[in-house]
> 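Take this structure, written in structure tokens, and hold onto it; I'll ask about it next.
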Amino acid sequence: MAGQTLYDKLWQDHLIKTRDDGSALIYIDRHLIHEVTSPQAFEGLRLAGRQPWRKDSLVATPDHNVPSESVERAAGVSGIRDDISRIQVQTLDENCRDFDVVQFGINEPGQGIVHVIGPETGATLPGMTVVCGDSHTSTHGALGALAHGIGTSEVEHVMATQCLIQRKMKNMLVRVDGELLPGVTAKDVVLAIIGKIGTAGGTGYAIEFGGEVIRKMSMEGRMTVCNMAIEAGARAGMVAVDQITLDYVKGKPYAPKGEHWDRAAEAWSQLHSDDDSVFDQVVVLRGEEIEPQVSWGTSPEMVVPISANVPDPVAEGDSTKRTGMQRALEYMGLSAGQRISDIKLDRVFIGSCTNSRIEDLRAAAAIAKGRSKADSVKQVLIVPGSQAVKAQAEREGLHKIFIEAGFEWREPSCSMCLAMNADKLGAGEHCASTSNRNFEGRQGYGGRTHLVSPAMAAAAAIAGHFVDVREMAPVQAQEEMA
Amino acid sequence: MRAFTQHEGLVVPMDRANVDTDLIIPKQFLKSIKRTGFGPNLFDELRYLDEGFPGQDCSARPINPDFPLNFPRYQGGSVLLARENFGCGSSREHAPWALEDHGFRAIIAPSFADIFFNNCFKNGLLPIVLPEAVVHRLFEETHAQEGYTLTIDLEQQHIHKPCGETIAFEVDAFHKHCLINGLDHIGLTLEHADDIRAYEMKRREKAPWLFDAVQY
């Protein structure tokens with residue numbers, strides 16, 4: 001019998017029973033909650049007179065609607081100017097109080113984007129099943145967990161039963177061999193993967209990311225990769241546990257301690273695909289072939305290396321795809337054959353559950369240091385992913401580098417990734433964004449999003465148009481050379 | 001949940017691939033704490049020529065005459081015909097809520113994104129996967145024939161075309177059972193409460209750290 005994949009192991013470990021109709025009852029260890037997709041679920045519990053099955057599995061925080069601007073933010077929930085946003089955040093407060101759910105409130109030290117605070121506090125751990133009413137829950141798979149987004153009905157279902165009724169997905173291995181060239185980051189890797197397999201390439205699969213490049217990648221890099229598994233169509237992305245995972249988790253506030261740590265580490269060391277395991281599909285990329293990436297269209301699969309030109313729909317054989325490309329060019333205000341480096345930016349956004357962790361901010365700061373934003377760029381938002389990331393960045397003085405460069409240093413929130421708070425693009429504006437989706441209107445009505453890495457976004461903010469970050473050496477290094 | 005057994009409905013074509021849930025219902029409408037009322041903002045950015053806001057009277061807004069949902073011939077449509085990877089992106093259940101609220105009962109496409117597909121079944125909405133060529137044919141027929149309707153028989157797993165032709169489709173046994181009977185999934189799962197408790201006890205022994213409460 002063939003060995004098991006990481007996904008097979010996680011599935012089997014959480015399988016309560018297989019029902020008569022072939023569907024499976026799967027146990028959920030951790031359920032993260034935010035204000036947007038939970039109110040109707042709590043209301044459902046209330047109407048049915050139900051209580052959460054296991055309150056200690058729930059962790060809540062407001063992130064989507066909270067203001068990033070410090071003055072508005074300082075007043076807390078009551079200070080949120082948008083009435084409907086305020087009501088939603090207040091509703092989360094009330095629900096957490098009524099149902100006795102742990103919440104990291106708007107200005108409390110533990111607050112942040114759910115997918116940033118989970119791993120950073122140890123609330124999400126290797127070997128867990130993790131769900132949240134948010135598609136980017138795949139992020140937590142970086143820890144060697146089975147993590148995926150669910151809809152609000154399932155939020156209620158998990159709260160009421162601690163389970164989901166599911167069918168097993170298929171196994172896909174995405175292997176990135178070799179090594180990355182300097183200046184190429186986890187974001188470029190995942191954009192290249194999506195460019196290769198397409199936005200529906202992973203539909204029906206759980207993707208395991210492996211290969212030398214992933215093995216050498218930091219935990220935060222792995223989170224960036226797993227975060228965007230959903231952009232390749234896969235609900236769940238994951239990475240096997242190794243020493244890098246254990247070193248990351250150890251000492252986190254909610255990670256096991258003492259004898260529990262030893263037992264956990266022992267159990268987690270099994271969380272990898274067996275050598276003789278079989279995947280339904282294997283996709284291989286070479287690390288050396290990946291360049292910094294920039295998305296040009298309105299789907300994350302519409303992505304090219306910085307050295308490339310905007311593709312020509314005429315060359316596309318599939319008519320549905322060709323029409324999609326033509327529509328995207330029109331929406332984005334671009335022409336086929338145009339150089340990517342000629343695209344001028346109106347705004348830059350560095351943040352989101354994809355790229356708002358400390359390493360992301362360090363990478364952006366390394367480029368911004370000693371430089372200034374281009375005059376033609378109206379705004380550069382730096383939005384740390386959590387209060388902890390913000391505090392760490394301030395300890396390192398990164399905020400000063402950003403402020404000196406003319407960037408805006410904001411409060412932890414989802415911000416312009418989906419523009420539910422006040423941060424949004426105007427119609428027709430081009431934005432270099434470290435977020436995960438370049439859909440029409442995603443960052444604001446008529447807004448035009450280009451997905452890039454934090455370093456590429458910072459470089460674009462300085463140049464006013466896209467540039468190859470590898471041609472932009474740190475200012476300090478240049479001085480040393482001179 | 002509203003039961004789905006048989007449905008006859010006018011077909012509305014949505015002729016583009018990779019329709020994401022941001023397009024189905026834009027984020028500003030996700031601020032609602034209710035489950036209903038999303039219908040007027042379904043496909044908001046395609047349907048209207050201005051930017052939409054929550055709580056606004058949509059009947060006074062300029063409509064996009066080029067968007068099929070606005071064509072007189074598709075008014076009252078309840079079967080959405082779509083292209084591949086329909087419902088990709090965000091997990092927002094507001095997408096099926098908006099489709100259902102607008103009056104759709106079924107969506108036919110060559111493929112759906114996983115989370116959206118799953119969310120549909122929780123809301124009495126039937127997503128049907130058919131081969132690309134079959135869907136393409138349905139698009140041609142919908143375009144060609146005004147008042148083109150399909151009858152969907154979930155029990156038999158058949159779609160009846162106006163010409164008398166029948167198309168068979170697959171559906172997961174559990175989802176079918178729940179849809180036909182309009183069943184509440186939570187109630188069904190709680191029938192397994194003893195199994196869940198037994199599993200939980202074993203798990204607590206094996207991995208006690210998973211049961212350490214997060215405190216704040």
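Within every chain, numbering begins at 1; the chains are lettered A, B, ... in the order of the sequence lines, protein sequences first and strands thereafter. Predicted model only: the values in this text are computed from it and were never measured.
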> Would you please test Ile194(A) and Met228(A) for side-chain contact (heavy atoms from CB on, under 4.5 Å) and show each step?
CA-CA 8 Å; Ile194(A) 298 162; Met228(A) 290 190 73; 3.9 Å; yes

> Picking from Lys206(B), Arg92(B), Glu200(B), which has the most non-hydrogen pairs under 4.5 angstrom with chain A?
Glu200(B)

> Check whether the side chains of Glu154(A) and Asn118(B) place a donor and an acceptor atom closer than 3.5 Å, and report yes or no.
yes

> Which members of residues 93-111 of chain B, sorted by number, sit under 4.5 angstrom from chain A on a heavy-atom basis?
Glu93(B), His94(B), Trp97(B)

> If you count heavy atoms of other groups shown closer than 6.0 angstrom to CD of Glu132(B), is the number above 12?
no

> With chain B as the partner, which of Glu35(A), Met128(A), Arg54(A) has the greatest number of non-hydrogen pairs under 4.5 Å?
Arg54(A)

> Between Gly52(B), Ala17(B), Gly89(B), which has the largest tally of heavy atom pairs under 4.5 Å with chain A?
Gly89(B)

> Which atoms of Ala234(A) are under 4.5 Å from chain B, going by heavy atoms: the side chain, the backbone, both sets, or neither?
neither

> Who wins among Ala48(A), Gly127(A), Gly149(A) for the most heavy-atom pairs under 4.5 Å with chain B?
Gly149(A)

> Tell me the closest heavy-atom pair linking His260(A) and Trp209(B), and the distance in Å.
O-CE3, 3.8 Å

> Could you please spell out the steps behind the ring pair (Phe, Tyr, Trp, His ring centres under 6.0 Å) verdict for Phe4(B) and His175(B)?
CA-CA 11 Å; Phe4(B) 188 118; His175(B) 285 144; over 10 Å; no

> Is Lys34(B) in contact with chain A via its backbone, its side chain, both, or neither, using a 4.5 Å heavy-atom distance?
backbone

> Let me see the working for Asp20(B) and Arg442(A) under salt bridge (charged side-chain N to carboxylate O under 4.0 Å, His left out), right down to the final yes or no.
CA-CA 10 Å; Asp20(B) 58 76; Arg442(A) 169 83 177 179; over 6 Å; no

> What part of Ile150(A) is in contact with chain B, defined as an atom under 4.5 angstrom from a non-hydrogen atom: side chain, backbone, both or neither?
backbone

> Check each atom of Leu23(B) against the heavy atoms of chain A and say whether the ones under 4.5 Å are side chain, backbone, both or neither.
side chain

> Which one, Arg19(A), Met169(A), Arg327(A), leads in non-hydrogen pairs under 4.5 Å with chain B?
Arg327(A)

> Heavy-atom distance under 4.5 Å to chain A: side chain of Asp44(B), backbone, both or neither?
neither

> Would you say the side-chain atoms of His64(A) and Asp134(A) include a donor-acceptor pair closer than 3.5 Å?
yes

> So what's closer than 4.5 Å to chain B heavy atoms on Gln90(A): side chain, backbone, both or neither?
neither

> Among Ala267(A), Gly133(A), Gly204(A), Gly324(A), who wins on heavy-atom pairs under 4.5 Å with chain B?
Gly204(A)

> Among the options His185(B), Gln28(B), Lys202(B), pick out the one with the most heavy-atom pairs lying under 4.5 Å from chain A.
His185(B)

> Give a yes-or-no answer on whether the side chains of Gln166(A) and His14(A) include a donor-acceptor pair shorter than 3.5 Å.
no

> Checking Gln56(B) side chain against Phe53(B) main chain: does a donor-acceptor pair fall under 3.5 Å?
yes

> Verify the distance criterion only: is there a donor paired with an acceptor across the side chains of Gln40(A) and Thr152(A) at less than 3.5 Å?
no

> So what's closer than 4.5 Å to chain B heavy atoms on Leu125(A): side chain, backbone, both or neither?
side chain

> Which region of Gln162(A), side chain (C-beta onward) or backbone (N, CA, C, O), has a non-hydrogen atom less than 4.5 Å from a non-hydrogen atom of chain B, or is it both or neither?
side chain

> Tell me whether the count of non-hydrogen atoms from other residues, nucleotides or ligands lying under 6.0 Å of CG in Asp20(A) goes above 12.
no

> Honestly, is Arg83(B) close enough over Phe139(B), meaning NZ or CZ under 6.0 Å from the six-membered ring centre and within 45° of the axis?
yes

> Given the options Phe112(B), Phe174(B), Phe117(B), which has more heavy-atom pairs under 4.5 Å with chain A than any of the others?
Phe174(B)

> Please classify the contact between Ile84(A) and chain B as side chain, backbone, both or neither, with a heavy-atom cut-off of under 4.5 Å.
both

> Identify whether the distance between the nearest side-chain nitrogen and carboxylate oxygen of Arg50(A) and Asp184(B) falls below 4.0 Å.
yes

> Could you go through Phe116(B) and Phe86(B), starting from their C-alpha distance and side-chain angles, then the distance that decides it, and tell me whether this counts as ring pair (Phe, Tyr, Trp, His ring centres under 6.0 Å)?
CA-CA 8 Å; Phe116(B) 174 83; Phe86(B) 188 83; 5.4 Å; yes

> Does a donor on one side chain and an acceptor on the other come within less than 3.5 Å for Arg437(A) and Ser135(A)?
yes

> Which atoms of Ala198(B) come close to chain A, meaning under 4.5 Å heavy atom to heavy atom: side chain ones, backbone ones, both, or neither?
neither

> Between Ile24(B) and Phe43(B), does the side-chain contact (heavy atoms from CB on, under 4.5 Å) criterion hold? Intermediate values first, please.
CA-CA 4 Å; Ile24(B) 298 174; Phe43(B) 297 121; 3.8 Å; yes

> Using only heavy-atom distances, determine whether the side chains of Thr320(A) and Glu84(B) contain a donor-acceptor pair under 3.5 Å.
no

> Establish, from distance only, whether the side-chain atoms of Arg35(B) and Ser153(A) form a donor-acceptor pair under 3.5 Å.
yes

> Shorter than 4.5 Å, heavy atoms on both sides: which option in Asn18(B), Asp172(B), Thr21(B) has the most such pairs with chain A?
Asp172(B)

> Glu43(A), Glu156(A), His136(A): which one forms the most heavy-atom pairs within less than 4.5 Å of chain B?
Glu156(A)

> Given heavy-atom pairs under 4.5 angstrom as the criterion, report whether the side chain, backbone, both or neither of Thr91(A) touches chain B.
side chain

> Looking at chain A, which one of Ile33(B), Asn85(B), Asn119(B) has the largest number of heavy-atom pairs inside 4.5 Å, strictly under?
Ile33(B)

> Looking at chain B, which one of Ser23(A), Pro256(A), Ala264(A) has the largest number of heavy-atom pairs inside 4.5 Å, strictly under?
Ala264(A)

> With a 4.5 angstrom heavy-atom cut-off, could you sort out which part of Trp261(A) is near chain B: side chain, backbone, both or neither?
neither

